[in-house]
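A, B, ... follow the sequence lines: proteins, then strands. Residue 1 opens every chain.
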Protein chains: 4
Amino acid sequence: MTKAKKAADVPRRRGRPKSENRRQNVMEAAAHHFCANGYDAASMRDIADAAGLLVGSLYHHFSSKEDLFINVFEEGLRRTSVGVLAAIKTPREPWAQLEAACIAHVEVILSNDNFVRIADYEFPFQHSETVRGRIIPKRDAYEAIFNKLIKALPLRRGVDRKYLRLTLFGAMGWTLIWYSPGRDTPTIIARRIVDIIRKGAEAR
Amino acid sequence: MTKAKKAADVPRRRGRPKSENRRQNVMEAAAHHFCANGYDAASMRDIADAAGLLVGSLYHHFSSKEDLFINVFEEGLRRTSVGVLAAIKTPREPWAQLEAACIAHVEVILSNDNFVRIADYEFPFQHSETVRGRIIPKRDAYEAIFNKLIKALPLRRGVDRKYLRLTLFGAMGWTLIWYSPGRDTPTIIARRIVDIIRKGAEAR
Amino acid sequence: MTKAKKAADVPRRRGRPKSENRRQNVMEAAAHHFCANGYDAASMRDIADAAGLLVGSLYHHFSSKEDLFINVFEEGLRRTSVGVLAAIKTPREPWAQLEAACIAHVEVILSNDNFVRIADYEFPFQHSETVRGRIIPKRDAYEAIFNKLIKALPLRRGVDRKYLRLTLFGAMGWTLIWYSPGRDTPTIIARRIVDIIRKGAEAR
Amino acid sequence: MTKAKKAADVPRRRGRPKSENRRQNVMEAAAHHFCANGYDAASMRDIADAAGLLVGSLYHHFSSKEDLFINVFEEGLRRTSVGVLAAIKTPREPWAQLEAACIAHVEVILSNDNFVRIADYEFPFQHSETVRGRIIPKRDAYEAIFNKLIKALPLRRGVDRKYLRLTLFGAMGWTLIWYSPGRDTPTIIARRIVDIIRKGAEAR
DNA sequence: TATGAATGAGTTTTCATTCAT
DNA sequence: GATGAATGAAAACTCATTCAT
């Protein structure tokens, strides 16, 4: 976290910027390969090649493949949060507030950022307990942002907030699978989804 | 152990009995292991063990791991379709028809059937072109069932049928991730989701 | 155990003798390399090379390096026991009985048999709990043979049987380190050691 | 933790203090790890960690892992000799003299000093020629102390001094394997061993 | 059909050592 | 003296697949 800031405002003081770059390189290479074919299919050798060093050298920066994955995941989640958090800073009417958050969320998950894809798709299954234990709480924390927004919504009687949230996340997450750039923009997609969920699809 | 029992009380209908059982055993074992930790993590040896034969023998029934996966996937999709197709046989008013289909869909994907889980979650990513080429058309054919139902719906102006379908599938697919038995039944879950999408969540 | 017998009296009925041979080959190769530089320094590749197959193929016969080691160890101990057990079959006066056992023991441990060297030198330290748990009881069982012989000895007052046994084993085990063939034979060495321990070294 | 304390109350005698301490720290860490799981299993990283510095820094103090081992071994042997040499300074009757040496030897090898354990157990096998060439002569020099004592003993006719020495060393070395504190003290153990070897175990 | 042995390329990880800073 | 990054080789082990029997 602090890292990114430093990189942004410190021009390069007193040596060793290469080190941080390396770590970043490795994470980028990893994010790329994790995305491309999944965690299992991404070999440490592939990642090392893409990062421009030898396999063994990877272990100077990350203690294991799982450690590397967790770091990539967390960075992806961080990037996702940043966008959403910024979007909801300006206060608005509750549904507009939720729409702003959704637009930010869909924009970032469709932005073709490998970190983000990891954090927003690969996350739940098929990982070891170790990994799940580190990852799920972070993910939950992120979803809590939306929970708060949803709590503020004025709802029709009989609508369960839990299902509202789940429908929303399901719909947005699903975009990762079918979206192909060129058609509707992420912003429009998000608006349409929120519109359906807010006002219903049925003719009145 | 269960294997022996099954072999005993299945009446052996329509020729080639033992062979078909074996094939079925293998597919069940495969479905189990593909589900448990994902395609890559499931080894042919694990599957063979679970099916009660040796690795080499697997290749008498399926030509490769991918072939085995495709077969499991297709069986999963078949099971899913069967439920939905049955549910929409009785003609109903369009929204009720869609609801019936969604209930059937959610019921089957939450039914803890490994075949179904494969067909409804593992499917899209991280597989070779070969596999994707065989799998995606089948999946599309299944979704086409819903397309037809959706086409019949009377919609509010401005609602795009495509987003309606996607929101619906996103929301239903997502249940696989968060559902835990004991709370609401699959039927109720499906009803709630359709209700939100049909009538909207906003207080009127 | 049964293996050795079969190999001895069955001429080679109905195929698959190669299999048992392979297992034996691997164990011999392993015994050789474990002896030469120690357990850690013996690589599975070395062993595979010496056995005439590829590393991966080793794992058809033994599930792990530790498993292989345990098998080699047990075979070594078996060979050691066989000699000693045979030697004490003929009943004798207690000290003569012990001497016979010691001669057999020293003969076998100095016989340049890699299995035996493993079982009689490498055994105690630096192995994982798993290995130790499998190995130590076997070793104890072997030493129990001597315990019984020692129990039967008429001893000078003040001599503790425990120290007698330990002195004996220490002295015999130590031969593995300093013995070089050509000088005294193992038989003579064993006799001298027993003589010192029995009658004492001091001039009377 | 203990490190810091030591640094505090060691008065810094005879120049080059910090440097010598470091070297000493490294050797202690090395002795510890060599003992714990053997030479091969002790990694330079482990040793560096335990010594409170980084792997690379080890090479300022020792040119290689083997060099480090040799130094540890020699220190262990030095500590062993010191005790024995002190014990035999007071002149005594030959057997008493030998007993004194043995008591000192057993006391030091059972004293739980990692250096000593290295010198008295790990030594002979499985090391490179380089290492063996440096180590064996030192060990022989140490054993020569005992040779001299043994030469002075009045022996029963037919007893070979060589076997006497070997039996003695075998028995004493073996204690390292079976000794567990709380039972007989090292002193008593040594006395019992010498007693058996001197007077014999047989009832007269 | 089934077996069991073998293959060969692959996996993650660890290691002693080097060296510019 | 110490650091931290990197190296390159090697480790144990796994895998999908083949094939003679």
### Task
Nearest-nucleotide wise, let me know which of D:Lys65 and D:His60 is further upstream toward the 5' end of DNA chain E.
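Looking at DNA chain E, the more 5' nearest nucleotide goes with D:Lys65.
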### Query
Starting at the 5' end of DNA chain E and moving along, which residue's nearest nucleotide shows up first, B:Arg45 or B:Leu58?
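Of the two residues, B:Leu58 wins.
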Students often get this wrong, so: under 4.0 angstrom with heavy atoms, is [X] touching a base, only sugar-phosphate, or nothing?
X       : value
C:Ala51 : nothing
C:Ala41 : nothing
B:Ala48 : nothing

Considering all heavy atoms of both residues, which atom of [X] and which atom of [Y] are nearest to each other, and what is their separation?
X        : Y        : value
C:His61  : C:Arg22  : CE1-CB, 3.9 Å
B:His127 : B:Arg132 : O-NH1, 2.8 Å
B:Ser128 : B:Glu66  : OG-OE2, 2.8 Å

### Message
Go nucleotide by nucleotide along DNA chain F from the 5' end; which of C:Ser43 and B:Ser63 gets its closest nucleotide reached first?
### Response
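Result of the comparison: C:Ser43.
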### Query
Pick the nucleotide of DNA chain F nearest each of B:Ser64 and D:Val55; which residue has the one closer to the 5' end?
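First, find each residue's nearest nucleotide; the 5'-ward one identifies D:Val55.
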Starting at [atom1] of [X] and ending at [atom2] of [N], how long is that distance when rounded to a whole Å?
X       : N      : atom1 : atom2 : result
B:Arg23 : E:dT1  : CZ    : C1'   : 14 Å
A:Asp46 : E:dT11 : CG    : P     : 6 Å
D:Asp67 : E:dT18 : CG    : C1'   : 16 Å
C:His33 : F:dA11 : NE2   : P     : 11 Å
C:Asp49 : E:dA6  : CG    : P     : 15 Å
A:Asn21 : F:dA6  : CG    : C1'   : 16 Å
D:Glu66 : E:dT17 : CD    : P     : 8 Å
C:Leu54 : E:dT7  : CG    : C1'   : 6 Å

### Task
Please lay out, stage by stage, how A:Gln24 and A:Glu28 fare under the test side chain to side chain contact (heavy atoms under 4.5 Å, CB included).
CA-CA 6 Å; A:Gln24 197 56 29; A:Glu28 265 154 29; 3.7 Å; yes
Using only side-chain N and O atoms of [X], determine if any of them is under 4.0 Å from OP1 or OP2 of [N].
X       : N     : result
D:Arg22 : F:dA2 : yes
C:Ser57 : E:dT7 : yes
C:His61 : E:dA6 : yes

### Message
Give the dot-bracket line for DNA chain E from 5' end to 3' end: parentheses for intra-strand Watson-Crick or G-U pairs under 3.5 Å, square brackets for crossings, | for inter-strand pairing, dots for unpaired.
### Response
.||||||||||||||||||||
### Query
From F:dT7, E:dT13, F:dT17, pick the nucleotide closest to the side chain of A:Leu53?
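The nucleotide sitting nearest to the side chain is F:dT7.
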### Message
If I pick the P atom on E:dT1 and the same atom on F:dT21, what distance separates them, to the nearest angstrom?
### Response
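Pairwise P distance, F:dT21 against E:dT1, rounds to 22 Å.
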### Query
Of A:Phe69, A:Phe73, A:Phe115, which meets ring-ring contact (aromatic ring centres under 6.0 Å, His included) against A:Phe34?
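Running ring-ring contact (aromatic ring centres under 6.0 Å, His included) over A:Phe69, A:Phe73, A:Phe115 with A:Phe34 returns exactly one hit, A:Phe69.
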Is the side chain of [X] donor-acceptor paired with the backbone N or O of [Y] at a distance under 3.5 Å, no angle test?
X       : Y       : result
C:Lys65 : C:Ala42 : yes
D:Asn71 : D:Asp67 : yes
B:Arg45 : B:Val55 : no

